[in-house]
Asks: 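Would you mind keeping the following structure in view while I ask a few things?
Just so it is clear: chains get the letters A, B, ... in the order the sequence lines come, proteins before strands, and each one is counted from 1. Treat the numbers as computed from the prediction; the structure is a model and nothing was measured.
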Amino acid sequence: MAVAHMLNMHIPPPFNLAATLESGQAHRWQWSNGWYSGVVHGHFLKLRQDNNGIEVRSSIQDTRALTTMLSDYFRLGDDLVEIYKRIEKDSRMSEMIKRYSGMRILRQEPWECLSAFICSATSNLRRIASNMESIADAMGRRITLDGVSRCTFPSAGLVADSGETFLRELGLGFRAKYLAHAASEIARGNLELEELRRMSYRDARARLVDLPGIGPKIADCVLVFSLDKLEAFPIDRWVSRAVGEWYLDGANLKYDEIVRWAHEYFGYYAGYAQQYLFHGKRLDGR
DNA sequence: CCACGGCCTGATTC
DNA sequence: AGAATCAGGCCGT
């Protein structure tokens, strides 16, 4: 068995690993004995926050490559202090920022992110994670670290080859058709997710919404959590409640009207504002 | 354009 | 206990 390599990586405060990994944006992190374990870019990683940043255990010996990968994944280029200044428009947001200070938006792999949010329709975090794990276990490549094994998330080509029926058997329900279709579009070369990264928010979103089973909410999630569109403002039931109760006094606005409001009110970093509203409202419950 | 039922399925609620 | 209800939506009518 391969030996685990260790790395201590400095991350300037504020940084909150737990809030970042458990705020519903990524779906394959598991907590056990003080460590978060997950698979990023085909590598099995274990992470633990310490005073200086994070401790990392992995099979990667090239510390420079690992540091670059994590810096990209955690979007360390985003200056949280500056972002807070821009979105802290009121005491409510101030409270959320204080409570979850250091929660970052991740830069996930687009295909995996798209898959997760296709699975998210009328589902819940536990089941989304279960679906993602089933897909990985069925088609991914098995990798081991510290005696534990996980699987990489399979390529769109592999998922396309597996087919809708197989995905249904994995428990995706009506979402199986949508995931199979998206996988097929990518495998055939009709859709290149990395191209969306270079497009404007509007154009990239229009391209995603074009796919069956992908509406504005799922598109916005993929755009903000994997394609660098920090102005995307996904509105699920929690964000809808938060905005309705805290800002719009129950006004019955439609999805894109709320998005427009969010852009005017929070500005470019509306996506970050959304993450704090979502996390806060969801943990408060009901 | 708007409203509403239906969709898979597993956990939770009644 | 067994049946409704509800989950980080979207589609078709």
Asks: Charged N to carboxylate O below 4.0 Å: is that the case for Lys177(A) and Glu164(A)?
Replies: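 Between Glu164(A) and Lys177(A) there is no salt bridge, as every charged N stays at least 4.0 Å from the carboxylate O atoms.
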Asks: Evaluate Arg28(A) against Phe153(A) for side-chain contact (heavy atoms from CB on, under 4.5 Å), listing each step before the verdict.
Replies: CA-CA 10 Å; Arg28(A) 294 201 60 206; Phe153(A) 193 77; 4.1 Å; yes
Asks: Decide, yes or no, whether a salt bridge links Arg99(A) with Asp284(A) under the criterion of side-chain N to carboxylate O below 4.0 Å.
Replies: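 Salt bridge flag = yes for Asp284(A) with Arg99(A).
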Asks: Would you mind classifying the nucleic acid contact of Ile128(A) as base, sugar-phosphate or nothing, using non-hydrogen atoms under 4.0 angstrom?
Replies: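 Counting heavy atoms under 4.0 Å across all strands, no contact is made by Ile128(A).
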Asks: Work out how far the P atom of dT9(B) is from that of dA1(C), and round it to whole angstrom.
Replies: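 To the nearest whole Å, 25 Å.
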Asks: Students often get this wrong, so: under 4.0 angstrom with heavy atoms, is Pro216(A) touching a base, only sugar-phosphate, or nothing?
Replies: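 Touches sugar-phosphate only.
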Asks: Given the P atoms of dC4(B) and dG8(C), what is the spacing between them in whole Å?
Replies: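 Result for the P pair: 22 Å, nearest Å.
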Asks: Rounding to an integer number of Å, can you tell me how far Arg237(A) CZ sits from dC10(C) C1'?
Replies: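 That distance rounds to 15 Å.
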Asks: From CD1 of Ile214(A) over to P of dG9(C), roughly how many Å is that when rounded to an integer?
Replies: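 In whole Å, dG9(C) P and Ile214(A) CD1 are 14 Å from each other.
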Asks: Any side-chain donor paired with an acceptor under 3.5 Å for Glu82(A) and Tyr269(A)?
Replies: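 Per modelled atom types, Glu82(A) and Tyr269(A) side chains form no pair under 3.5 Å.
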Asks: What integer distance in Å separates Gln274(A):CD from dG8(C):P?
Replies: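 Going from CD in Gln274(A) over to P in dG8(C) covers 14 Å.
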Asks: Can Arg75(A) and Asp228(A) be counted as an ion pair, charged N to O under 4.0 angstrom?
Replies: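 Salt bridge between Arg75(A) and Asp228(A), a charged N being under 4.0 Å from a carboxylate O: yes.
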Asks: Pairing donors with acceptors under 3.5 angstrom, does anything connect the side chains of Tyr84(A) and Tyr276(A)?
Replies: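 Yes, because at least one side-chain N or O of Tyr84(A) sits under 3.5 Å from a partner of the opposite role on Tyr276(A).
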Asks: If you write DNA chain B from 5' to 3' in dot-bracket form, with Watson-Crick or G-U pairs under 3.5 Å, [ ] for crossing pairs and | for pairs with another strand, what do you get?
Replies: ..|||||.||||||
Asks: Between dC1(B), dG9(C), dA7(C), spot the one nearest the side chain of Ile218(A), thanks.
Replies: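 That would be dG9(C).
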Asks: I need the CD-C1' distance between Gln275(A) and dG8(C), as an integer number of Å.
Replies: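 So the CD-C1' distance, Gln275(A) to dG8(C), works out to 11 Å.
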Asks: Which nucleotide in the set dA7(C), dA11(B), dG8(C) lies at the smallest distance from any side-chain heavy atom of Arg126(A)?
Replies: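 Of the options given, the side chain of Arg126(A) lies nearest dA11(B).
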Asks: Quick one about Asp90(A) and Tyr247(A) (side-chain donor to acceptor, distance below 3.5 Å, no hydrogens or angles considered), yes or no?
Replies: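 The answer is yes; a qualifying pair exists.
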Asks: Step by step, work out the salt bridge (charged side-chain N to carboxylate O under 4.0 Å, His left out) result for Asp236(A) and Lys217(A).
Replies: CA-CA 7 Å; Asp236(A) 66 343; Lys217(A) 158 47 169 84; 5.4 Å; no
Asks: Find the distance Asn131(A):CG to dG8(C):C1' and express it as a whole number of Å.
Replies: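 Taking CG of Asn131(A) and C1' of dG8(C), I get 13 Å after rounding.
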Asks: Expressed as a whole number of angstroms, how long is the span from Leu114(A):CG to dC10(C):P?
Replies: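 Whole-Å distance recorded here is 12 Å.
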Asks: Between dC8(B) and dG2(C), how many Å separate the two P atoms, rounded to a whole number?
Replies: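 Comparing P positions in dC8(B) and dG2(C) gives a spacing of 26 Å.
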Asks: Would you tabulate the pairs of protein nitrogen or oxygen atoms and nucleotide nitrogen or oxygen atoms of nucleotides 6-9 of chain B closer than 3.5 angstrom?
Replies:
from, atom 1, to, atom 2, distance (Å)
dC8(B), OP1, Arg168(A), NH2, 2.9
dC8(B), O5', Arg168(A), NH1, 3.2
dC8(B), O5', Arg168(A), NH2, 3.4
dC8(B), O4', Phe174(A), N, 3.2
dC8(B), O2, Arg127(A), NH1, 3.3
dC8(B), O2, Arg127(A), NH2, 3.1
dC8(B), O2, Arg175(A), NH1, 2.7
dC8(B), N3, Arg175(A), NH2, 3.1
dT9(B), O4', Arg127(A), NH2, 3.0
dT9(B), O2, Arg127(A), NH1, 3.0

Asks: Under 4.0 Å between any heavy atoms, over every strand shown, what does Leu170(A) touch: base, sugar-phosphate, or nothing? Just pick one.
Replies: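 Leu170(A): no heavy atom of the nucleic acid under 4.0 Å.
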Asks: How is Ser23(A) classified with respect to the nucleic acid when contacts are heavy atoms under 4.0 Å: base, sugar-phosphate, or nothing?
Replies: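 If one applies the 4.0 Å heavy-atom cut-off, Ser23(A) turns out to touch a base.
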Asks: What nucleic acid atoms does Gln25(A) come within less than 4.0 Å of, heavy atoms only: base, sugar-phosphate, or nothing?
Replies: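 Contact class for Gln25(A): base.
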Asks: Output the rounded distance in Å from NZ (Lys254(A)) to C1' (dC10(C)).
Replies: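 About 17 Å, once rounded to whole Å.
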Asks: Let's test your reading of the model: under 3.5 Å, does the base of dG9(C) pair with the side chain of Lys217(A) as donor and acceptor?
Replies: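 No pair found.
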Asks: Does any donor atom in the side chain of Ser37(A) or Gln30(A) lie under 3.5 Å from an acceptor atom in the other side chain?
Replies: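 No, Gln30(A) and Ser37(A) have no side-chain donor paired with an acceptor closer than 3.5 Å.
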Asks: If you only use heavy atoms from C-beta on, which nucleotide in dG8(C), dC10(C), dC2(B) is closest to the side chain of Trp238(A)?
Replies: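 Among dG8(C), dC10(C), dC2(B), the one nearest the side chain of Trp238(A) is dG8(C).
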Asks: Can you work out whether Leu211(A) or Phe117(A) has the more 5'-proximal nearest nucleotide on DNA chain C?
Replies: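 Looking at DNA chain C, the more 5' nearest nucleotide goes with Phe117(A).
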Asks: Assess whether a salt bridge exists between Glu257(A) and Arg260(A), defined as any Lys/Arg side-chain N lying under 4.0 Å from an Asp/Glu carboxylate O.
Replies: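 Here Glu257(A) does not pair with Arg260(A) in a salt bridge, since their nearest N and O are not under 4.0 Å apart.
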Asks: Would you kindly give the CG-to-P distance between Asp210(A) and dC10(C), to the nearest whole Å?
Replies: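 In whole Å, dC10(C) P and Asp210(A) CG are 14 Å from each other.
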Asks: Between the main-chain N or O of Leu283(A) and the side-chain N or O of Trp238(A), is there a donor-acceptor pair closer than 3.5 Å?
Replies: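 Flag not set: sc Trp238(A) to bb Leu283(A) has no pair under 3.5 Å.
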Asks: When rounded to the nearest Å, what value does the distance between P atoms of dG5(B) and dT5(C) take?
Replies: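 Taking atom P in both dG5(B) and dT5(C), they lie 13 Å apart.
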